[in-house]
Visitor: 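Here it is: the structure, laid out below.
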Amino acid sequence: LENVIEGVFTLAKDLFQLKFKQRTDIPVYHPDVLTYEILDQNDSLLAVFYADFFPRKGKRQGAWMTNFKTQNAQNRPHVANVCNFTKPTKNEPSLLTFNEVTTLFHEFGHALHSILSQVKYKSLAGTNVLWDFVELPSQLLENWCYEKLSLQKFAFHYETNEVIPDDLVERIKKSMQYRSASANLRQVGLATLDLKWHTTAISDDTDVVEFERKALQETDLYSAVENCIISSQFGHIFQGGYAAGYYSYKWAEILEADVFESFE
């Protein structure tokens with residue numbers, strides 16, 4: 001985890017000339033939370049960043065970015081990334097799966113969206129953008145998890161300090177394309193289901209199972225699992241701002257691919 005944090009900070013320094021200074025005197029809501037000042041290339045304070053990476057009792061699952069203070073003409077942003085990575089033990093550091101690495105980069109992309117915000121009114125700051133764009137910075141930053149030059153700056157073996165070998169980098173890049181068509185279809189199906197719930201006249205008599213079956217019939221590759229319903233447990237359909245907007249993950253993915261090409 002420490003290496004990956006350093007890796008994402010190094011990337012932000014390379015791309016956006018940011019500097020990171022850890023602080024131990026900023027009040028936090030839990031002892032596990034780390035705090036950093038984020039400075040620009042002239043050493044001016046841009047933001048305060050909170051890193052809350054470990055699970056604990058009462059903390060919900062998943063990973064997200066949030067603002068404690070939103071940037072505007074009077075405020076510097078206070079931004080947090082919250083995740084649920086395995087805590088270190090006496091014998092091992094916090095070892096992340098590759099999916100957790102991309103999650104950290106993804107959420108830090110959201111954080112950068114707020115950290116680099118320069119607007120007068122907070123209603124327009126950071127992630128307060130049209131929903132088609134909100135997932136662009138996050139998904140854009142994930143690309144560097146697959147780049148050799150980026151990985152070689154932070155992907156070191158936790159015992160030997162050996163840099164990640166070239167063949168493993170190639171396997172990681174190939175894994176990105178493994179069953180990618182199925183994953184795309186799955187996302188399109190979820191986006192379709194979301195939109196149908198918000199654009200169809202329903203009543204108290206609507207059969208949720210049948211409604212879902214019809215909504216997904218063009219994108220489902222597998223037969224339905226009995227007593228398994230997406231609509232009642234997939235939070236993005238009805239909460240968190242994504243209601244009728246879950247399609248934005250795929251649309252933003254198209255946009256960020258064009259943006260990343262510019263970086264390449």
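Keep in mind that this is a model prediction, so the values were computed, not measured. Any value given below was found using the heavy atoms of this structure, including those in side chains, with hydrogens, waters and symmetry copies removed.
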Visitor: Please report the interatomic distance CD1(Ile5) to CG(Leu34), rounded to the nearest 0.5 Å.
Guide: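 One finds 6.0 Å between CD1 of Ile5 and CG of Leu34.
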Visitor: Quick check on Phe98: does its CZ atom have over 12 non-hydrogen neighbours (other residues, nucleotides or ligands) under 6.0 Å away?
Guide: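 Yes - once you tally the heavy atoms of other residues, nucleotides and ligands closer than 6.0 Å, there are more than 12.
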Visitor: Just checking Asp25: does its CG atom have more than 12 heavy atoms from other residues, nucleotides or ligands closer to it than 6.0 angstrom?
Guide: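 Buried by this count: over 12 neighbours within 6.0 Å.
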Visitor: Less than 4.5 Å apart, side chain to side chain, heavy atoms only: is that true for Asp194 and His198?
Guide: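 Yes; the side chains approach each other to less than 4.5 Å.
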Visitor: Should Leu141 and Met176 be regarded as members of a common hydrophobic cluster, given that ILVMFWY residues are connected when their side-chain heavy atoms come within less than 4.5 Å of each other, either directly or indirectly?
Guide: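 As far as the 4.5 Å side-chain criterion goes, Met176 and Leu141 are connected within one cluster.
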Visitor: Run the side chain to side chain contact (heavy atoms under 4.5 Å, CB included) check on Phe211 and Asp207 step by step: do they pass?
Guide: CA-CA 6 Å; Phe211 183 96; Asp207 186 318; over 6 Å; no
Visitor: Give a yes or no on this: more than 12 heavy atoms of other residues, nucleotides or ligands lie within 6.0 Å of atom CD of Glu210.
Guide: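 Buried by this count: over 12 neighbours within 6.0 Å.
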Visitor: Judged by atom type as modelled, is there a donor-acceptor pair below 3.5 Å linking the side chain of Asp32 to the main-chain atoms of Phe54?
Guide: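 Here the side-chain-to-backbone pair does not exist.
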Visitor: Strictly by modelled atom types, are Tyr158 and Glu92 linked by a side-chain donor-acceptor pair under 3.5 Å?
Guide: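 A pair is found: one side chain offers a donor N or O, the other an acceptor, under 3.5 Å apart.
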Visitor: Quick one: does Ser248's side chain have a donor or acceptor within less than 3.5 Å of a partner on Asp132's backbone?
Guide: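 No, because the side chain of Ser248 does not come within donor-acceptor range (under 3.5 Å) of the backbone of Asp132.
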Visitor: What distance do Glu147 atom CD and Leu11 atom CG have between them, rounded to the nearest 0.5 Å?
Guide: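 Those atoms lie 10.5 Å apart.
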Visitor: Please determine whether side chain to side chain contact (heavy atoms under 4.5 Å, CB included) holds for the pair Phe263 and Leu140, giving the CA-CA distance in whole Å, both sets of side-chain angles, and the decisive distance to 0.1 Å.
Guide: CA-CA 10 Å; Phe263 279 96; Leu140 173 67; 4.0 Å; yes
Visitor: Are Trp131 and Leu124 connected in a single hydrophobic cluster, I mean Ile/Leu/Val/Met/Phe/Trp/Tyr linked by side-chain heavy atoms less than 4.5 Å apart?
Guide: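 No; Trp131 is not reachable from Leu124 via cluster members.
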Visitor: Can the ring centroids of Phe53 and Phe108 be said to lie less than 6.0 angstrom from one another?
Guide: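 Centroid distance Phe53-Phe108: not below 6.0 Å, so no.
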Visitor: Side-chain donor-acceptor pair under 3.5 Å between Ser138 and Glu135, yes or no?
Guide: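 Their side chains do contain a donor-acceptor pair, which is all the 3.5 Å distance test asks for.
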Visitor: Please lay out, stage by stage, how Asp43 and Lys19 fare under the test salt bridge (charged side-chain N to carboxylate O under 4.0 Å, His left out).
Guide: CA-CA 8 Å; Asp43 291 328; Lys19 300 177 183 179; 2.9 Å; yes
Visitor: Can you tell me if Ser94 uses its side chain to pair, donor with acceptor, with the backbone of Thr86 under 3.5 Å?
Guide: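 Judged by distance alone, yes, a pair lies under 3.5 Å.
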Visitor: For the backbone of Tyr249 and the side chain of Gln139, can you confirm whether one donor and one acceptor N or O come within less than 3.5 Å of each other?
Guide: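 Yes, because the side chain of Gln139 sits within donor-acceptor range (under 3.5 Å) of the backbone of Tyr249.
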Visitor: Show the numbers, then the answer: is there a side chain to side chain contact (heavy atoms under 4.5 Å, CB included) between Tyr146 and Thr102?
Guide: CA-CA 9 Å; Tyr146 300 89; Thr102 58; 4.0 Å; yes
Visitor: Is the number of heavy atoms from other residues, nucleotides or ligands under 6.0 Å of Lys196 NZ greater than 12?
Guide: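 Incorrect, the count does not exceed 12.
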Visitor: Do Gln187 and Tyr246 pair up side chain to side chain, a donor and an acceptor below 3.5 Å, judged on atom types alone?
Guide: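 Distance-only check passes for Gln187 and Tyr246.
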Visitor: Any sub-3.5 Å donor-acceptor pair from Asn81's side-chain atoms to Ala51's backbone N or O?
Guide: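 Not a single qualifying donor-acceptor pair exists.
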Visitor: Please check if the number of heavy atoms outside Trp251 that lie under 6.0 Å from its CH2 is greater than 12.
Guide: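 Counting neighbours around CH2 of Trp251, 12 or fewer heavy atoms of other residues, nucleotides or ligands fall under 6.0 Å, so no.
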Visitor: Indicate if Tyr247 and Val134 have the same hydrophobic cluster label, given that clusters are the connected sets of ILVMFWY residues with side-chain heavy-atom separations under 4.5 angstrom.
Guide: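 Looking at the clustering, Val134 is in the same group as Tyr247.
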Visitor: For atom OH of Tyr29, is the number of surrounding heavy atoms from other residues, nucleotides or ligands below 6.0 Å larger than 12?
Guide: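 Enclosed.
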Visitor: Please check if atom CG in Leu130 has more than 12 non-hydrogen atoms from other residues, nucleotides or ligands closer than 6.0 Å.
Guide: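 No, not enclosed.
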Visitor: Just by distance, do the side chain of Asn84 and the backbone of Arg60 share a donor-acceptor pair under 3.5 Å?
Guide: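 Checking the backbone N and O of Arg60 against the side chain of Asn84, a donor-acceptor pair under 3.5 Å is found.
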Visitor: Under 3.5 Å, is there a donor on one side chain and an acceptor on the other for Asn143 and Glu264?
Guide: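 Distance-only check fails for Asn143 and Glu264.
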Visitor: With a 3.5 Å distance limit and no angle check, can you tell me whether Gln71 reaches the backbone of Ser114 through a side-chain donor-acceptor pair?
Guide: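 Here the side-chain-to-backbone pair does not exist.
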Visitor: Hydrophobic cluster membership, with links at side-chain heavy-atom distances under 4.5 Å among I/L/V/M/F/W/Y: are Leu39 and Phe9 in one?
Guide: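 The answer is no; the residues belong to distinct hydrophobic clusters.
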Visitor: Could you go step by step and tell me if Lys250 and Asn184 meet the side-chain hydrogen bond (donor to acceptor under 3.5 Å, both in side chains) rule?
Guide: CA-CA 8 Å; Lys250 293 311 296 176; Asn184 278 329; 2.4 Å; yes
Visitor: Backbone N or O of Met65 within a donor-acceptor pair of the Glu107 side chain at under 3.5 Å?
Guide: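 Looks like yes, one N/O pair under 3.5 Å.
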Visitor: Does any non-hydrogen side-chain atom of Val48 lie less than 4.5 Å from one of Val79?
Guide: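 Side chain of Val79 against side chain of Val48, heavy atoms only: no contact under 4.5 Å found.
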Visitor: Side chains of Asn128 and Lys122: any donor to acceptor distance under 3.5 Å?
Guide: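 Note: Lys122 and Asn128 side chains miss the donor-acceptor criterion.
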Visitor: Does the ring centre of Phe20 sit less than 6.0 Å away from the ring centre of Phe49?
Guide: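 Not close enough - the centres of the two rings lie 6.0 Å or further apart.
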Visitor: Taking Lys153 first and then Asp14, would you say they form a salt bridge - that is, a charged N and a carboxylate O separated by under 4.0 Å?
Guide: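 Salt bridge: yes.
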Visitor: Using the salt bridge (charged side-chain N to carboxylate O under 4.0 Å, His left out) definition, which of the options Lys173, Lys148, Arg171 pairs with Asp166?
Guide: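 By the salt bridge (charged side-chain N to carboxylate O under 4.0 Å, His left out) criterion, Asp166 pairs with just one of Lys173, Lys148, Arg171: Lys148.
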Visitor: Is the backbone N or O of Pro77 less than 3.5 Å from a side-chain atom of Asn75, with the two atoms forming a donor-acceptor pair by type?
Guide: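 It does not hold such a pair.
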Visitor: Take atom CD of Gln233 as the centre, draw a 6.0 Å sphere, and report whether it contains more than 12 heavy atoms from other residues, nucleotides or ligands.
Guide: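 Buried by this count: over 12 neighbours within 6.0 Å.
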Visitor: Val8 vs Leu104, test: side chain to side chain contact (heavy atoms under 4.5 Å, CB included). Steps then yes/no.
Guide: CA-CA 8 Å; Val8 80; Leu104 193 153; 3.9 Å; yes
Visitor: Decide yes or no on ring-ring contact (aromatic ring centres under 6.0 Å, His included) for His110 and Phe105, but give the supporting numbers first.
Guide: CA-CA 9 Å; His110 281 309; Phe105 271 67; over 10 Å; no
Visitor: Between His236 and Tyr242, does the ring centre distance come in under 6.0 Å?
Guide: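 Yes, the ring centres sit under 6.0 Å apart.
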Visitor: Any donor-acceptor pair under 3.5 Å linking the side chain of Thr206 with the backbone of Ser203?
Guide: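 Present.
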